[in-house]
Colleague: 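One structure, as structure tokens, below. Some questions next.
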Amino acid sequence: MTELAVLPPDFAKEAAIMEKTWASKPGVIGWLSETGHKQIGLRYIVTAFLFFLAGGIEAALMRIQLLKPENHFLGPDAYNQIFTMHGSTMMFLFAVPIMEGFGVYLVPLMLGTHNVAFPKLNAFGYYIYLFGGLFLYTMFLLHAAPQAGWFSYVPLAGPQYSPGKGVDTWAQMITFTEVSGLVVAVELVVTTFKQRCPGMSLNRIPLFVWSMIVVSFMIIFAMPAVMIASGYLSLDRLVGTHLYNRSEGGDPLLYQHMFWFFGHPEVYIIFIPGLGFVSSILTAFTGRKIYGYTAMVSTLVVTAFLGFSVWVHHMFATGLPQLGESFFTAASLMIVLPTGVQIFCWIATIWSGRFRIATPVMYVIGFFLVFIVGGLTGVMLASIPIDWQVHDTYFVVAHFHYVLIGGALFPLFGAFHFWFPKWTGRMYSEVMGQISFWLLLIGFNVTFFPMHVLGLYGMPRRVYTYQPGMRWGNLNVLASAGAVFMALSVLTMIINFLVSRRAGRVAGANPWNADTLEWSLPSPPPVYNYLHVPTVSGLNAVWDAAPDQPYVTGMRFDRREILITRVLDAEPDHTEQLPGHSPWPFVLSCTMCIGLWGAIFFAWWFTIGAVLSGIALIGWFWPSDRELEDHILREKGELGGLELGMPEPVREEMP
Amino acid sequence: MTASTLAPIQSALHSAGPQAASIEHLWWVFFWICVVVYVITIAFFFIAAIRGRRRAEAVDNPAHDRRLGIFVSTCAAVTIATLFGLLFSSVATGNAIGTFGKNKPGQIEIEVTGHQWWWEVKYPDALAPANQITDANEIHIPIHTPVLLRLDTRDVIHSLWIPNLHGKRDLIPGRVNKFWIQADRPGVYRGQCAEFCGYQHAHMALTVVAESSADFLKWKSHMGEGAPTPMTPAQLRGQQVFLSAPCAKCHNILGLDAYGTLGPDLTHFRSRPTLAAGQLLNTRGNLAGWIMNAPAIKPGTTMPPNQLSGQEMSDLLAYLETLR
Amino acid sequence: MTQRVLDVAALTEGTADSRSLIWWGNLAMLAIEGTMFAMAMATYLYLRSTNLDWPPSTVPKPDLLMPTINTVMLLLSCIPAFIIDRASITKNMLPIRICQALSIAVGLLFLYIQYAVMVPSLGYKWSSHAYGSVVWVIIGMHTLHMVAATGETALLFLYSLFKPVLKKHLLDFRCTAVYWYFVALVWVPFYFIIFIEPWMQRKGS
Amino acid sequence: MKRSLALLVILAVVACHRERRPLAPAAVDSQRPNPLRMGDLQPGPKQLAATGINNPYEGNAYAISEGQRLFAQYNCSGCHFHGGGGIGPPLMDAEWIYGSSPVNIFTTISEGRPNGMPSYGGHIPVYQIWQLTTYVRALGGFEPKGATSPRSEEMMAKRAEEPK
């Protein structure tokens, strides 16, 4: 490598070639063969948002049912299915995938690379997630939805007390979404560690990318636990194993341990990207780098570690030995500290920054107001005696909605508004943005704050009705009224986005004067992201760039070539070629559906699906003739080098 | 009109026993500390926001960052101190509750068994096992006496929760959980299943009747007796209806040729305040409706609808009326 | 005004070592699967701690000969995997082909012995009791991995017979070797709990 | 496209039937093959004449599970031992003294049989007899495998992979 000084040439020709190299293919098959990270990321986001709307409708139905005591709007059968679907949808089909979608979309852009590390795997992850969700909803419409709650405790979810195929569907949906989550996690880890642009050493990685790395590692170690837990549940239900059958030596608590070993980290998996959004937005809107970058990163890592040591606080009421439980109290309390430090760092950043206000920042303010309440009620739940009282009551319902809506949904909506100009090239309507924010903030608090009181006043969660005279009626009416505001807020936001997408003001490359690399690209970004891989010379890539900040040359434009850099210092190491479009991810996800859906009804489908998947995998890995030719020529050193993009007019060695 | 109007507020913040009282105390400690923390943090946030709004240019230099560092580390230190305080008070309360009842005189043991969706309550007699009392959906306890509850379940996981007396404890297949309750004020306290257990999780309540020791002993000896013999012809006919209709297949009445174990023991069931695990008040009208078509009132219940003629029904009710 | 550039034209295209993307992807996958095996192991230990009779007294003491031979054979098969790994660096195709053939043979033989000899002699099924369930789950999980490792090796072997072997294939050889170590080593603790533990003093007796 | 639509419809119908949960059965039940009860005990022919009455719960997962619960709770297992037989005949083999059709089994439960099988008709509601019938038929392997649960939460008399 050499650093050269050249006159800035005109890159129109190169851009045209790149456009052709990375372009999507036309037609349905082209659409199904797509492997571009921006496309796939947007598909994740849109699909997850649609599932969010479905989950929201389910929530609305539950609020109608609970409007008055002994209501007959929904029976226990329908209500149980709906609350199970609501929880499962929001956790597995909305919260995690939408964060992954943002990661898939933004991480390569923030790192200055062309695509994620394994584009085909990425597409496969999306389809498997989509099919898992569609399967669950198909069964829901066929009246075969699970109805044992989103954590499907055995023995209620076991073969005897949940007859039918509902819980099998649930368990299989878990498998699908977990595979998808794991796939994205692997990609993001490898992309971040190997594909950062030159100069982006570990201490210059944007905080959002850090949050996605931490989340990815959590996924890698947490999600296998739930796959095993739900896999055991499937085996118990389908082939008669006794893993959870106490009378044959199994143990129902085993399920709870494994589920919460995943389930608690899951909460962090959902809101740590939210913390990343907050950091991104605050950096842009305070005009300075986040105070305490090192502290921010290390607290994220500490949160991830502690997140794995607190799962038993979901099981305080099961009567485990007291001493052991006290350890988990301590761990659960201590996990407040890293998040607290992050909050103090943000306050310090705002304090010393030039704080501007726009809708994304409003959502960050909402995050502070709401999430801290959730964190503090979390402190209460960490205490064993208090947990004994409020566990499994509406207090807990209020708590985790404050944590998840405050910690994930508010930052997420902020992120929608923040990156909307980048996706569409146009600005959203600020007025409507503010309206939807206030509707959400008010509606949310009206809905969920009374639930704290309801829980303390003895209302257990997951009851399909309650009795008159329990003094819960008025607060439930209030909660249902708040839900209307929340629905209006989401509706306003959708209308805002749909209208602004076509009619909004043209945004330009960097409307917020934000700092990360994606803002150096036009909006929306070209299909290949960066014509030349950029270099960075500071944490805030855009702000710290010199006027003549170097870019990388010497890479081909007519191949999907990416630059691999070293893990620690991001020095250029070698180049690799990414695969192009491929129908095989879609085919493989179909064959996996045959195996895994079929297995619910008849065990041999599993084998059939496995064989078909094996064939699909061979197709997946079989290199095309052109790729082979390329490789052979390259190894012989006979592949013609394109002179395009090489420094053109005057070359002079840099001092 | 339903059962819940009988009991005082089912609430964790209206304690009637020492454990619930100490949890309530702990709760208020946590609550006020959290309120203070919240107010301070949000105040910091808005002061920062106002200062930030007034700035024309962001400050980003090492000297300034050092001052911010002092702010953040002070806040972190205060957080750690607060957390340790909370941890200490929580563990102390937990230990006090955990060791409660050990080595105290006059202990009473009660076995509570969860069913989908009602509670079976037994008062075992260690000296004479035959004298065991079986009751359903209500627990009688003497006040000022620690009572040991042994919790077990016949089917899925349930959770016993009587918020005015104590926090909840799960009933888990294959393991017997134990915990202590004590009431210090006489009264009727409502409890409810807190772990989702299927269709009628919402209708799985029980009442705890806390009374003076004398009253408790009187109740207990009354419960030990079999059902009274029917006196009037209507009652006698009702008894026959009970034995020949489906009732006796599921319900037990002490002193009668009925040994069903599927449903609650009915020997003294008219003395219970509620019907159908706390869903209905135990009145003659409710009872008739319940017998006629229980699944319409509580969908999913094991109690089937019964086809009885008007005469049979009124005889049966007359008989059941005697089971006090 | 001049523009500085960073020229990377001299860099190599693709590597067959730990710097490449696939290598990292492979490691991440092993982390996931390692966690799954750890969970299966945790299940076993957890159920062991909650049962008084473990293994259940109806479980016969298994015949040790074939399982031991099988396990030793699987461990020894790390040697050809290692040779493949080393020879790939220098692209020495002969040892690679021989060792691949050897690996496939060992893989198939292992699976055959597992299902024709060991499993039928266990004396219980997955539906007999929780002990049977967890043992069968472990065996099933490992079998799936064994099938995958053998299948992958077989595919690469066949491919390399008919098509030119390039740098990316050498990388595949090396990643498969790493996967083979994993599949072989992860079996060892399971061998001990399935076949040795019933011979030790039973818990509770 | 058409074929997949048809497939979906079939799946829908099958799934709906299997998953139907009558949480509040009707108080009056007409699904009764033999409304006249002749006595407490009654011998029966091997096969009843076709009555035109079908088991309303055929292949219904929820009914099988309810039947399983009732089987334990009405103490059927007291004589039949989870289907393995004992005092009463085993229920999970291929041999049926009084016929294996749903109506036969219904009649057996409802009317009783000589040598010890008591009559449950009139003591338990008709819909529960049908649920028991469905479960007993599932024990015998007559119900679709997808609707039956492979094991219960109790000690197992039979093992899942053994023929039913």
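To find a chain, count down the sequence lines: A is the first, B the second, and so on, and within it residues start at 1.
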Colleague: Does B:Lys168 reach the main-chain N or O of A:Ala317 with its side chain, forming a donor-acceptor pair under 3.5 Å?
Modeller: no
Colleague: May I ask you to name which of A:Val341, A:Val379, A:Leu369, A:Val361 has the most heavy-atom pairs under 4.5 Å with chain B?
Modeller: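 Option with the top pair count is A:Leu369.
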Colleague: Any chance you could measure A:Thr318, atom OG1, to B:Asn177, atom CG, to the nearest 0.5 Å?
Modeller: 7.0 Å
Colleague: Not counting sequence neighbours, which residues clear ring-ring contact (aromatic ring centres under 6.0 Å, His included) with A:Trp543? List them please.
Modeller: none
Colleague: Keeping the roles fixed (side chain from A:Gln389, backbone from B:Pro163), state whether a donor-acceptor pair exists under 3.5 Å.
Modeller: yes
Colleague: Decide whether B:Gln200 and A:Tyr464 meet the rule of one side-chain donor and one side-chain acceptor closer than 3.5 Å.
Modeller: yes
Colleague: Under 3.5 Å, side chain of B:Tyr199 to main-chain N/O of A:Gly75, donor-acceptor pair present?
Modeller: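 Judged by distance alone, no pair lies under 3.5 Å.
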Colleague: For A:Thr393, is it the side chain, the backbone, both or neither that has a heavy atom under 4.5 Å from a heavy atom of chain B?
Modeller: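 Looking at A:Thr393, just its side chain touches chain B.
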Colleague: I'd like to verify something: which residue of A:Thr349, A:Val463, A:Asp387, A:Thr465 has the highest number of heavy-atom pairs under 4.5 Å with chain B?
Modeller: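 Of A:Thr349, A:Val463, A:Asp387, A:Thr465, A:Val463 has the most heavy-atom pairs under 4.5 Å with chain B.
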Colleague: How long is the span from the OH atom in B:Tyr38 to the CG atom in A:Leu376, to the nearest 0.5 Å?
Modeller: 8.5 Å
Colleague: Please tell me if the side chains of A:Tyr161 and B:Gln116 come closer than 4.5 Å, counting only heavy atoms from C-beta onward.
Modeller: yes
Colleague: Using modelled atom types only, decide if a donor and an acceptor are shared between the side chain of A:Arg461 and the backbone of B:Glu195 within a distance under 3.5 Å.
Modeller: no
Colleague: Are any of the side-chain heavy atoms of A:Gln467 and B:Leu280 separated by less than 4.5 Å?
Modeller: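 No, every pair of side-chain atoms sits at 4.5 Å or beyond.
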Colleague: Are side-chain heavy atoms of B:Leu68 and A:Ser352 found at a separation under 4.5 Å?
Modeller: yes
Colleague: For A:Trp472, which atoms come within 4.5 Å of any heavy atom of chain B: side chain, backbone, both, or neither?
Modeller: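 A:Trp472 touches chain B through side-chain heavy atoms alone.
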Colleague: Taking everything shown except A:Phe449 itself, do over 12 heavy atoms lie less than 6.0 Å from its CZ?
Modeller: no
Colleague: For chain B, find which of A:Ile365, A:Ile384, A:Thr286, A:Val336 contributes the most heavy-atom pairs closer than 4.5 angstrom.
Modeller: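 Looking at each option in turn, the highest pair count goes to A:Ile365.
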Colleague: Compare all side-chain heavy atoms of A:Phe355 with those of B:Ile50 and state whether any distance is below 4.5 angstrom.
Modeller: no
Colleague: Measuring from atom CG of B:Leu13 to atom OH of A:Tyr457, what distance do you get when rounded to the nearest 0.5 angstrom?
Modeller: 6.5 Å
Colleague: Within this structure, what is the CG-OG1 distance for the pair B:Leu87 and A:Thr329, rounded to the nearest 0.5 Å?
Modeller: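 Between B:Leu87 CG and A:Thr329 OG1, I get 7.0 Å after rounding to 0.5 Å.
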Colleague: Once you round to the nearest 0.5 Å, how far does CG of B:Leu86 lie from CE of A:Met380?
Modeller: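 Atom-to-atom, B:Leu86:CG and A:Met380:CE are 9.0 Å apart.
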Colleague: Looking at residues at least two apart in the chain, or sitting in another chain, which of them share a salt bridge (charged side-chain N to carboxylate O under 4.0 Å, His left out) with B:Arg150?
Modeller: B:Glu109
Colleague: Please determine, among A:Gly287, A:Pro252, A:Gly340, A:Ala157, the option with the most heavy-atom pairs under 4.5 Å with chain B.
Modeller: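 It is A:Pro252.
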Colleague: Check B:Asp65 with A:Arg288, please: is the shortest side-chain N to carboxylate O separation under 4.0 Å?
Modeller: yes
Colleague: Can you measure from CG (A:Asp392) to CZ (B:Phe196) and round to the nearest 0.5 angstrom?
Modeller: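 So the CG of A:Asp392 and the CZ of B:Phe196 are separated by 11.0 Å.
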Colleague: Report which part of A:Gln256 has an atom under 4.5 Å of a heavy atom belonging to chain B: side chain, backbone, both, or neither.
Modeller: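 Contact with chain B involves the side chain of A:Gln256 alone.
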Colleague: Would you confirm whether A:Gln147, through its side chain, and B:Gly198, through its main-chain N or O, come within 3.5 Å as a donor-acceptor pair?
Modeller: no
Colleague: Please lay out, stage by stage, how A:Met470 and B:Arg190 fare under the test side-chain contact (heavy atoms from CB on, under 4.5 Å).
Modeller: CA-CA 10 Å; A:Met470 294 303 293; B:Arg190 192 173 183 276; 3.1 Å; yes
Colleague: May I ask you to say whether B:Asp60 pairs ionically with A:Lys289, meaning some side-chain N is under 4.0 Å from a carboxylate O?
Modeller: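 A:Lys289 and B:Asp60: salt-bridged.
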Colleague: Give the minimum heavy-atom separation between A:Met334 and B:Phe84, together with the two atoms involved.
Modeller: CE-CE1, 4.0 Å
Colleague: Any side-chain heavy atom of A:Pro460 sitting closer than 4.5 Å to one from B:Cys193?
Modeller: no
Colleague: Answer yes or no: is there a donor N or O on one side and an acceptor on the other, between the side chain of A:Tyr291 and the main chain of B:Gly69, under 3.5 Å?
Modeller: yes
Colleague: Any side-chain heavy-atom pair from A:Pro155 and B:Pro173 closer than 4.5 angstrom?
Modeller: yes
Colleague: Contact part of A:Ile357 toward chain B, heavy-atom cut-off under 4.5 Å: side chain, backbone, both or neither?
Modeller: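 Its backbone and side chain both get close to chain B.
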Colleague: Decide yes or no on side-chain contact (heavy atoms from CB on, under 4.5 Å) for B:Arg55 and A:Trp351, but give the supporting numbers first.
Modeller: CA-CA 9 Å; B:Arg55 258 184 235 285; A:Trp351 180 284; 3.9 Å; yes
Colleague: Please flag which part of A:Arg354 lies under 4.5 Å from any non-hydrogen atom of chain B: side chain, backbone, both or neither.
Modeller: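 A:Arg354 touches chain B through backbone and side-chain heavy atoms alike.
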